[in-house]
Amino acid sequence: SSVTALADAVYARYGKVHVMHVNHMAPGGLPGHGLLNPDPDAWDLTVRVNLLGAAVFARAAGRVMADNGGGRIVNLGSIAGLTLIHCSLG
């Protein structure tokens with residue numbers, strides 16, 4: 001995949017990967033058209049970017065780090081999970 005190729009290219013250029021920092025957020029904030037009428041494509045994009053994207057990058061960087069003594073992976077997201085989001089129900 002392109003993510004694996006990126007991790008390999010960083011390793012080839014610099015010799016090691018010590019830190020991977022991911023700041024992910026799908027565009028548009030809360031997907032869909034309210035909680036009672038969600039847009040499945042928008043929800044799919046949000047999950048693929050915010051969850052799957054972070055996991056794929058962590059796996060690729062983690063593989064390179066593990067082969068070279070370890071490292072740190074730092075994932076950042078929004079504070080939306082800690083706050084009340086005002087949105088339309090319909």
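Residue numbers run from 1 in the order of the sequence given. Please read these numbers as outputs of a predicted model, since none were measured by experiment. Values below: all heavy atoms of this structure, side chains included; hydrogens, waters and symmetry mates excluded.
A continuous path of Ile, Leu, Val, Met, Phe, Trp and Tyr side chains, each step under 4.5 Å between heavy atoms, connects Leu6 with Val17, placing both in one hydrophobic cluster. Both Tyr11 and Val22 sit in one connected hydrophobic cluster of ILVMFWY residues. Membership requires side-chain heavy atoms under 4.5 Å apart, directly or through other members. Each of Val3 and Leu51 belongs to its own hydrophobic cluster when Ile, Leu, Val, Met, Phe, Trp and Tyr are linked at side-chain heavy-atom distances under 4.5 angstrom. A single hydrophobic cluster is seen to contain both Tyr14 and Met20, as judged by linkage of ILVMFWY side chains at heavy-atom distances under 4.5 Å, directly or through other members.
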Report, one line per pair, each donor and acceptor closer than 3.5 Å where one atom sits in a side chain of residues 52-77; sequence neighbours left out.
unit_1 : atom_1 : unit_2 : atom_2 : d
Arg63  : NH1    : Asp8   : OD1    : 3.4
Arg63  : NH2    : Asp8   : OD1    : 2.9
Asn68  : ND2    : Val64  : O      : 2.9

